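In this text the structure is predicted, and so the values were computed from the model without any measurement.
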Amino acid sequence: MAAELTAHQLIAQHRPTLDLALETIRTRAYWSPHPEHPKAYGENGSLDTAAGKAAFDALSGTRLDLGQPGTDGWVGGEVSPYGIELGVEYPHADLDVLLPAMQAGQKAWRDAGAELRAMVCLEILKRIADRTMEFAQAVMHTSGQAFMMAFQAGGPHAQDRGMEAVAYAYVEQSRTPETAEWTKPQGKRDPLALTKRFTPVPRGIGLVVGCNTFPTWNGYPGLFASLATGNAVLVKPHPRAVLPLALTVQVARDVLTEAGFDPNLVALAAERPGEGIAKTLATRPEIRIIDYTGSTAFGDWLEANARQAQVYTEKAGVNTVIVESTDDYKGMLANLAFSLSLYSGQMCTTPQNLLIPRDGIRTDQGAKSYDEVTADLARAVDGLLGDDARANALLGAIVNPDVKARLEAAAGLGEVALASREVAHPEFPGAVVRTPVIVKLDGAKPEDEAAYTSECFGPVSFAVAVDSADHAVELLRRSVREKGAMTVGAYTTDPEVEEAVQEVCLDEAAQLSLNLTGGVYVNQTAAFSDFHGSGGNPAANAALCDGAFVANRFRVVEVRRPA
């Protein structure tokens with residue numbers, strides 16, 4: 001079939017965007033090609049909010065037929081954390097048929113070259129961006145995020161991360177020239193002369209193991225990094241969050257077909273209830289790259305057992321904030337209250353442990369005792385979430401029963417500074433919405449250590465009393481080294497404390513935010529500028545996104561011949 005999208009058309013449309021992305025990852029300045037306000041949509045052919053909701057509603061009761069080879073049945077059963085059944089069915093694959101079909105298209109995709117692959121990837125992202133409002137509904141009703149967060153994190157921010165991966169992939173592949181003329185002088189004899197050709201070649205099929213909480217934001221970097229470097233990509237969504245990634249696969253297959261490539265370069269592997277195909281897939285010889293976001297236990301299993309594959313994991317950590325002193329007490333409390341509340345703390349970057357000196361802290365409002373700080377933070381969270389409409393807009397819904405169980409158990413771990421409460425959702429009465437709990441613990445008591453040194457994913461945080469700033473820094477170092485951290489925060493006006501915290505984060509490879517009191521929060525990162533994770537501590541072995549995230553997804557093969 002003749003390509004409907006020619007290389008010339010794709011390059012003309014998307015090369016300027018790629019060039020801007022390449023410049024931005026060099027400067028680390030702010031830039032996003034994807035608007036993060038709903039009012040920007042509905043123009044240039046993209047869906048507005050109402051059209052996106054209608055498109056999402058129209059999916060209910062349908063089969064998302066992707067035209068994949070090896071379909072041997074249909075699976076579904078997703079139930080929204082907001083209490084509605086999605087009612088969409090997806091193809092179930094016979095892997096012995098699907099995987100060979102995916103391999104068949106890799107030669108033409110490899111031979112297309114880095115630039116054309118990047119252009120095809122950017123066209124896929126553009127088509128996804130045109131349906132951002134539909135994807136926002138899909139993310140909302142699989143992750144439990146409130147609509148605005150599902151729109152932003154599941155839409156433009158996820159698309160930014162995908163584009164960032166394409167840019168890094170292009171940089172690493174174009175680092176080596178396609179050809180070189182090599183001449184070595186031989187004195188009085190004729191020089192030795194060779195013509196050399198260097199080709200980036202893919203490792204094989206990349207497997208993306210999706211997560212429940214951020215299916216697109218966490219899924220797009222690996223998907224587009226592997227695809228842009230010449231690999232076919234098999235997407236294995238979380239059973240509770242299939243729809244956003246299934247729609248992504250649908251778009252990718254359409255674009256690949258129109259560009260004259262095999263659509264089976266991107267495919268979906270949805271699973272039957274309890275089937276657990278991730279382990280089966282992860283150890284198949286065809287799978288050569290794995291991207292995974294989720295629990296530490298399964299991430300560790302992948303790293304130990306998927307020996308044939310290059311494995312990129314984002315697992316769990318214990319995120320810590322040291323509260324030593326501040327010159328903006330009100331701003332600090334407001335910033336922390338928002339960070340603890342956003343999406344009910346169901347983010348891998350949400351602070352868990354707040355290390356506060358038991359003798360109190362210095363502030364612009366005078367000295368504040370440990371008890372005063374914890375009480376004032378509890379009031380700040382209460383004030384932020386006191387109105388149910390605002391609470392629903394910030395908290396979203398509890399994503400699964402395990403998070404709810406951890407939240408309920410946390411109150412028994414120590415003195416409760418802030419009790420969690422139920423919030424009714426006027427539009428979705430079946431939604432489980434809970435405010436955060438803050439529990440007071442003592443960093444000097446061994447019996448409290450088990451609680452604050454283990455990750456408690458969800459709207460749970462611990463106000464840990466410490467003996468001093470030095471004690472806080474010591475606990476921080478031990479926590480990051482042993483458990484890992486995606487984020488570290490600190491509030492201090494003392495240059496020596498700031499230096500000590502910074503040294504820990506440099507030593508233990510943890511991303512640090514200092515004295516955030518405005519509209520930037522410790523649990524948010526911006527594509528093209530901020531690194532999400534470092535790959536240098538137990539929380540993750542990769543960073544989103546840097547050269548290391550893409551460079552080992554391909555190898556360069558040299559062919560040389562006499563000139």
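- Under a 3.5 Å cut-off, the side chain of N231 and the backbone N or O of R553 do form a donor-acceptor pair.
- Using a 30° and 60° split on the angle between ring planes, Y312 and F549 fall in the perpendicular class, above 60°.
- Using a cut-off of 4.0 Å between Lys/Arg side-chain N and Asp/Glu carboxylate O, R421 and D382 are scored as not salt-bridged.
- Without hydrogens or angle criteria, N319 side chain to M486 main chain gives a donor-acceptor distance under 3.5 Å.
- Counting heavy atoms from C-beta outward, C545 and P221 have side chains that stay 4.5 Å or more apart.
- Using modelled atom types, one finds no donor on one side chain facing an acceptor on the other under 3.5 Å when comparing Q511 with T525.
- Rounding to the nearest 0.5 Å gives a distance of 11.0 Å between CG of D160 and CD of Q152.
- Ring geometry for Y82 against F428 counts as tilted: the plane angle lies between 30° and 60°, on a 0 to 90° scale.
- Using a 3.5 Å distance cut-off with no hydrogens or angles, the side chains of Y452 and S479 do not pair a donor with an acceptor.
- Other residues, nucleotides and ligands place more than 12 heavy atoms under 6.0 Å from the CD atom of E43.
- Contact annotation: the side chain of E455 never approaches that of T296 to less than 4.5 Å [non-hydrogen atoms, C-beta and beyond].
- Between D57 and K53, at least one side-chain nitrogen of the basic residue sits less than 4.0 Å from a carboxylate oxygen of the acidic one, meeting the salt-bridge criterion.
- At least one donor-acceptor pair closer than 3.5 Å links the side chain of S529 to the backbone N or O of R28.
- Using modelled atom types, no side-chain atom of R131 and backbone atom of G52 make a donor-acceptor pair closer than 3.5 Å.
- Within the 4.5 Å cutoff, no side-chain heavy atoms of V403 are placed close to those of S344.
- Between E123 and K126 there is no salt bridge, since none of the side-chain N atoms of the basic residue sits less than 4.0 Å from a carboxylate O of the acidic one.
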Mind listing the side-chain donor-acceptor pairs of residues 236-245 below 3.5 Å, one per line with the distance, residues two or more places apart or on another chain?
unit_1 : atom_1 : unit_2 : atom_2 : d
K236   : NZ     : E271   : OE2    : 2.6
H238   : ND1    : R240   : N      : 3.0

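- Note that the CG atom of L354 and the CD1 atom of I356 stand 5.5 Å from one another [nearest 0.5 Å].
- Remark: side-chain polar atoms of T216 are paired, donor with acceptor, to backbone N or O of G154 under 3.5 angstrom.
- By the 4.5 Å heavy-atom criterion applied to side chains, P81 and V432 are not counted as neighbours.
- Cation-pi geometry between R161 and F224 is not met at under 6.0 angstrom from the ring centre and within 45 degrees of the axis.
- The side chain to side chain donor-acceptor pair (under 3.5 Å) search around Y90 returns E78, not counting sequence neighbours.
- Between the side chain of T350 and the backbone N or O of L340, no donor-acceptor pair lies under 3.5 Å.
- To the nearest 0.5 Å, atoms OG1 (T132) and CD (Q137) are separated by 12.0 Å.
- In the model, E482 has no side-chain atom that pairs as donor or acceptor with a side-chain atom of T453 under 3.5 Å.
- Ring planes of W217 and F214: perpendicular class, angle over 60° (limits at 30 and 60°).
- Side-chain contact between T374 and I438 is absent, with no heavy atoms from C-beta onward closer than 4.5 Å.
- Of all heavy-atom pairs spanning V79 and L86, the tightest one is C-CD1, 4.4 Å.
- To the nearest 0.5 Å, the span separating CE on M133 from CZ on F151 amounts to 4.0 Å.
- In this structure, CG in D546 is found 9.0 Å from CD in E164, a value given to the nearest 0.5 Å.
- Looking at Y292, its side chain never comes within 3.5 Å of a backbone N or O of V311 through a donor-acceptor pair.
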